[in-house]
> 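Mind having a look at this structure? Questions to follow.
We count ligands from 1, going down the list as the structure has it; atoms in each ligand are counted the same way. Residues take their numbers from the sequence shown, with the count starting at 1. The structure displayed is predicted, hence computed values, not measured ones.
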Amino acid sequence: MLTNFEQIANCFAHPAPACLTQPSILAAYTGAFGLAVLLAAPFGWRMAVRDGHAALRTFRRLALAAIDIVLTCAVVLVAFHYVRPDALAGVERVPAWRILWQATVYALAIGGLVGGAAAGFALGRLGARLSGAASRLGRLGVVIAIDGPAASGKGTLAKRIAEHYCVPCLDTGLLYRAVARDVLRAGRDLSDTAAAIGCAKSLNPATFDDPALRGASAGEAASVVARIPGVRAALLDYQRDFARSPAGAVLDGRDIGTVVCPDAPVKIYVTATAEERARRRHGELEKRGENVRFEDVLDDIQRRDARDTGREVAPLWPAKDAFQLDTTHMTIDEAFKAALDIIEQRLAGAAPPPAG
Ligand code: DC
């Protein structure tokens, strides 16, 4: 009975061409190549039509995980070699040229996987360009700034606009939510200015998809740290870098049109009455199975409005040249259509920005 290690060692002792011609090995290579193409294609698509930064982050994470696995296997094999040298005793000595040839075959196999991933990525991008949405790809080329109070629907609107024009979208509220989360996780108080600034400076964008950032309490905590000028200053570069995407970008938040991208050619200030916003938020929470009183949701929204509009730095306020979109009596589809009309008219130069 061969040990696992002997089996692996014997595999290296096979004549190299056998590796290429054995049907099972060929099938495994082809399967792995196909799988790499299939797995990478959605990332290519997403990179082309949505949040390119997020796609790159996921790609990087996958690559690091692969390197991790390869290194761990190498360490385990080397350790085994020293701990159980007797395991090698029965293994036939292999000439150096054969090991080299074998290494080339393995390198080709790994290269094939990487090539498969690259091919899949490119296919995904191509698919995105050839799809119906492709005609809009890169047509925007400008920043769209969307601001508005909590639960005004600006996030949903921003995402739909970004998808429509195939440009990346940044929900800047997530940055403040992540800072508040990191402060609390470090065991500090939200009003601890130094801790909050430290967390803002060392913010890791890879953690923006953390489900803990989605809840109402995260939003409430975010509005507390968002009052700290040092926190806002620390988050500015990241937001402006994002806005520099050559295809254009959509950013939503509170101060995009006034502070982050004051030169954005299209600014939309989305609003709705506090009661309507509370009604929408309450409906969402009920759908998620959370049992909260409407009055509490309304209270929460009014408290956040007061904090966001009343703070000294970058308060929530429409930019002078922002189009105001009151969605109180609109469905999300109607709001989306109205926003598209505003954008298209601005892009065509038909509508000058409203004079403040
Ligand atoms: O959009 P949101 O609910 O995720 O935002 C959470 C809090 O973050 C909000 O109450 C105020 C703050 N915020 C901000 O001050 N500036 C931004 N550009 C975005 C959010």
> Tell me which one of K154, Q239, R232, R304 gets a heavy atom nearest to atom 15 (O) of ligand 1.
R232
> To check your reading of the model: name the closest protein heavy atom to atom 12 (C) of ligand 1, its residue, and the distance in Å.
A226 CB, 3.7 Å
> Does CD belonging to E295 count more than 12 external heavy atoms closer than 6.0 Å?
yes
> Tell me: protein heavy atom nearest atom 8 (O) of ligand 1, and distance?
Y176 CB, 3.6 Å
> Would you list the pairs meeting side chain to side chain donor-acceptor pair (under 3.5 Å) in which at least one residue belongs to residues 142-155, sequence neighbours left out?
none
> Within this structure, what is the CG-OG distance for the pair L170 and S245, rounded to the nearest 0.5 Å?
11.5 Å
> D171 to ligand 1: N or O pair under 3.5 Å?
no
> Between A150 and ligand 1, which residue portion shows a heavy-atom distance shorter than 4.0 Å: side chain, backbone, both, or neither?
neither
> Are the side chains of L175 and R232 in contact, using a 4.5 Å heavy-atom criterion?
no
> Run down the list R303, R254, R177 and name the one with the heavy atom closest to atom 14 (C) of ligand 1.
R254
> Do you know which two heavy atoms are closest between R277 and A272, and how far apart they sit?
NE-O, 2.9 Å
> Is a side-chain donor or acceptor of R240 paired with a backbone partner of C261 at a separation under 3.5 angstrom?
no
> Does at least one non-hydrogen atom of E220 fall below 4.0 angstrom from an atom of ligand 1?
no
> Residues sharing L316's hydrophobic cluster, by side-chain heavy-atom contacts under 4.5 Å among ILVMFWY, directly or via others?
Y269
> So, is D308 polar-close to ligand 1, with some N/O to N/O distance under 3.5 Å?
yes
> Among protein heavy atoms, which lies nearest atom 19 (C) of ligand 1, and at what distance?
T172 OG1, 3.4 Å
> Between the main-chain N or O of T331 and the side-chain N or O of E334, is there a donor-acceptor pair closer than 3.5 Å?
yes
> By number and element, which atoms of ligand 1 are closer than 4.0 Å to a non-hydrogen atom of S223?
7 (C), 10 (O)
> Nearest protein heavy-atom contact for atom 7 (C) of ligand 1: which residue, which atom, what distance?
A222 CB, 3.6 Å
> Just let me know how R311 lines up against ligand 1, side chain, backbone, both or neither, with a heavy-atom cut-off below 4.0 Å.
side chain
